[in-house]
S.K.: 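Just dropping this structure here.
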Amino acid sequence: MQIAIPAERLAGEARVAATPETVKKLVAMGHTVVVESGAGRLSAVPDAAYADAGASLAANRASALANADIVLQVRPPEADQIAEFKTGATVVSLMNPYANPHLAAMAAKKLSAFAMELLPRTTRAQSMDVLSSQNNIAGYRAVLLATHYYPRFMPMLMTAAGTVKPARVLIMGVGVAGLQAIATAKRLGAVVEATDVRPSTKEQVESLGAKFIEVPMTDEEKAASDGVYAKEMSDDYKRRQAELVTKHAMAADIIITTALIPGKKAPQLISAEVVRAMKPGSVIIDIAAEAGGNCALTVPGEVSVTDNGVTVVGTTNLPALVAADASSLYARNLLTFLSLMLSKDGFTLNLEDDLLAATLITHDGAVRFGQPSSPSA
Ligand code: NAD
């Protein structure tokens, strides 16, 4: 099979979908790999490293894709890019399936398109889980970004000139990103608190040495919110949460928000009033900025300072700020996923496989995502 790795086109997307390590493995399986020249430049992978791993280099995207049976990307293909694929090719990438306007175009091109964000969160899928590998990086980078904007120290310091108090960090949403943010802030010496709608996260927060802020919940609410993913909460719950959040936000120096609900706009956890009640010099890093943001004042892609001196950071795509490691983990996730279909003997798309069935959004000229027969609907 011929496998292509085009350079990413989205502004600020510094990651790449294959590394010399994964290229070497694909070539060892007997496949041909074509990399668009410059694809790895922002991930610290020069063209020569791909060539040494056994890939051929293509001068541009169109020539990389022309004969490709399989295409690996980070971001979903845009409308003009879909035309460049070979009819019937397989494409594996993040696909933004809930808001992707090009599903019909991908189906018309007979692409077998896999959306990696739809991978079930099961033990078997863990090594292919791009949301986990990338959100882990986002949580780490969010804390470092906070230290950049925060005008004080993170740890407590006892110096001859006096003692400096440690920063108080509040993490909202304790999924993969939130847990890594807690761990990173603790390593830097901050005092850390965290909250989540899923009560089961309390134990995880405490095991990292942080304090869990528990929103009072009825037994029905507890039962309803203890799945793998958070559900949208009732207005009454939101009111109770807002009261508690206001109190803790006013005491916090840094807030990192990570709350996401798959397929929906990110829930608002911090209102403009709460930001106005925060201390001057405090910082909000909104990891959910790309999904609309958890803070009412977040502007995706921008950093703003309020009249009362709070810095609201809406920087999107934090994993791309750690592009080399983000790419290596993403590329390994994709290689493991591909091995469900690809072997030395060829390529088999087995729709009985739950991981393939859940992620395949277009196939055989039809859109599968959102259809009642599709497991991802
Ligand atoms: P996510 O990015 O979807 O959301 C981040 C966190 O925000 C979640 O913990 C969620 O509960 C929380 N949240 C949502 N709405 C909220 C609100 N209104 N207020 C406060 N918090 C809110 O989460 P994720 O990192 O993708 O993890 C989701 C789940 O998947 C977790 O249970 C995680 O342990 C699980 N997981 C399982 C596997 C696996 O077994 N393969 C791998 C990774 C993650």
Side-chain angles (χ1 to χ4, degrees), residues 1-6 16-36 39-40 50-58 61-74 76-77 81-95 103 106-120 122 124-130 327-369 373-376:
M1 305 291 275
Q2 182 157 321
I3 302 162
I5 320 298
V16 62
T19 56
E21 176 195 323
T22 60
V23 167
K24 214 178 251 175
K25 290 187 175 151
L26 290 167
V27 171
M29 282 164 82
H31 304 292
T32 308
V33 181
V34 183
V35 177
E36 181 182 348
Y50 286 117
D52 288 348
S56 347
L57 292 159
R61 182 182 170 94
S63 56
L65 297 188
N67 297 309
D69 306 299
I70 300 173
V71 182
L72 306 181
Q73 300 196 172
V74 177
Q81 298 165 355
I82 291 166
E84 294 169 327
F85 288 107
K86 192 168 104 173
T87 301
T90 295
V91 194
V92 184
S93 77
L94 291 167
M95 288 285 181
L103 297 185
M106 288 198 277
K109 194 78 187 172
K110 296 199 163 44
L111 301 181
S112 294
F114 289 95
M116 290 305 289
E117 54 273 79
L118 295 177
L119 200 70
T122 57
R124 181 169 163 254
Q126 257 172 1
S127 54
M128 316 164 197
D129 188 342
V130 302
S327 297
S328 358
L329 298 175
Y330 183 88
R332 280 185 209 150
N333 291 146
L334 255 53
L335 180 70
T336 314
F337 181 76
L338 266 189
S339 67
L340 299 174
M341 298 176 274
L342 199 60
S343 66
K344 278 196 163 86
D345 311 320
F347 180 86
T348 318
L349 200 176
N350 173 13
L351 279 173
E352 300 290 306
D353 184 308
D354 63 324
L355 304 185
L356 298 178
T359 47
L360 186 61
I361 56 171
T362 68
H363 182 56
D364 252 352
V367 175
R368 294 179 84 245
F369 182 69
S373 58
S374 156
S376 54

S.K.: If you round to the nearest 0.5 Å, how far is NZ of Lys109 from CD1 of Ile82?
M.R.: 9.5 Å
S.K.: Does some side-chain heavy atom of Met106 sit less than 4.5 Å from a side-chain heavy atom of Met95?
M.R.: yes
S.K.: When you compare the side chain of Leu355 with that of Thr122, does any pair of heavy atoms fall below 4.5 Å?
M.R.: yes
S.K.: Might you point out which heavy atoms bring Glu84 and Leu65 nearest each other, and give the distance in Å?
M.R.: O-CB, 3.6 Å
S.K.: Please report the interatomic distance CG(Leu103) to OG1(Thr362), rounded to the nearest 0.5 Å.
M.R.: 7.0 Å
S.K.: Does a side-chain heavy-atom distance below 4.5 Å link Tyr330 with Val16?
M.R.: no
S.K.: Looking at His31 and Ser343, would you say the former's side chain and the latter's main chain have a donor-acceptor pair under 3.5 Å?
M.R.: yes
S.K.: Which heavy atom of Val74 sits nearest a heavy atom of Ala17, and at what distance?
M.R.: CG2-N, 3.9 Å
S.K.: Between Leu334 and Thr22, is there a side-chain heavy-atom distance shorter than 4.5 Å?
M.R.: no
S.K.: Run the numbers on Val130 and Leu119 for side chain to side chain contact (heavy atoms under 4.5 Å, CB included), then give the verdict.
M.R.: CA-CA 9 Å; Val130 302; Leu119 200 70; over 6 Å; no
S.K.: Between Ala39 and Ile5, which heavy-atom pair has the shortest distance, and what is it?
M.R.: CB-O, 4.1 Å
S.K.: List the atom of Val34, the atom of Ala58, and the distance in Å for their closest heavy-atom pair.
M.R.: CG1-CB, 3.7 Å
S.K.: Does a side-chain heavy-atom distance below 4.5 Å link Leu349 with Phe114?
M.R.: yes
S.K.: If we ignore hydrogens and angles and just use 3.5 Å, is the side chain of Asn333 paired with the main-chain N or O of Ser127 as donor and acceptor?
M.R.: yes
S.K.: Applying side-chain contact (heavy atoms from CB on, under 4.5 Å) between Ile3 and each of Thr90, Leu342, Val27, Val35, report the one that passes.
M.R.: Leu342
S.K.: Using only atom types and a distance under 3.5 Å, with no angle test, would you say the side chain of Tyr50 pairs donor to acceptor with the backbone of Ala18?
M.R.: yes
S.K.: Roughly how far, to the nearest 0.5 Å, is CE of Met128 from CG of Leu340?
M.R.: 4.0 Å
S.K.: Considering only heavy atoms from C-beta outward, does the side chain of Thr32 approach that of Asn67 to under 4.5 Å?
M.R.: no
S.K.: Quick check for you: to the nearest 0.5 Å, what is the distance between Asp129 atom CG and Leu329 atom CG?
M.R.: 11.5 Å
S.K.: I'd like to check Arg368 versus Ile361 (side-chain heavy atoms, cut-off strictly below 4.5 Å). Are they in contact?
M.R.: no
S.K.: Any idea which heavy atoms bring Ala68 and Lys86 closest together, and the distance?
M.R.: O-CB, 3.7 Å
S.K.: Can you tell me how far CG of Leu26 sits from CD1 of Ile70, rounded to the nearest 0.5 angstrom?
M.R.: 8.0 Å
S.K.: Could you check if a side-chain atom of Asp52 sits within less than 4.5 angstrom of a side-chain atom of Pro20, using non-hydrogen atoms only?
M.R.: no
S.K.: Mark yes when over 12 heavy atoms from residues, nucleotides or ligands other than Lys24 sit less than 6.0 Å from its NZ; otherwise mark no.
M.R.: no
S.K.: Mind checking the CZ-CG spacing from Phe347 to Asp69? Nearest 0.5 Å is all I need.
M.R.: 8.5 Å
S.K.: Over all heavy atoms of both residues, which pair between Ala64 and Ala4 is shortest? Give the atoms and the distance, please.
M.R.: O-CB, 3.3 Å
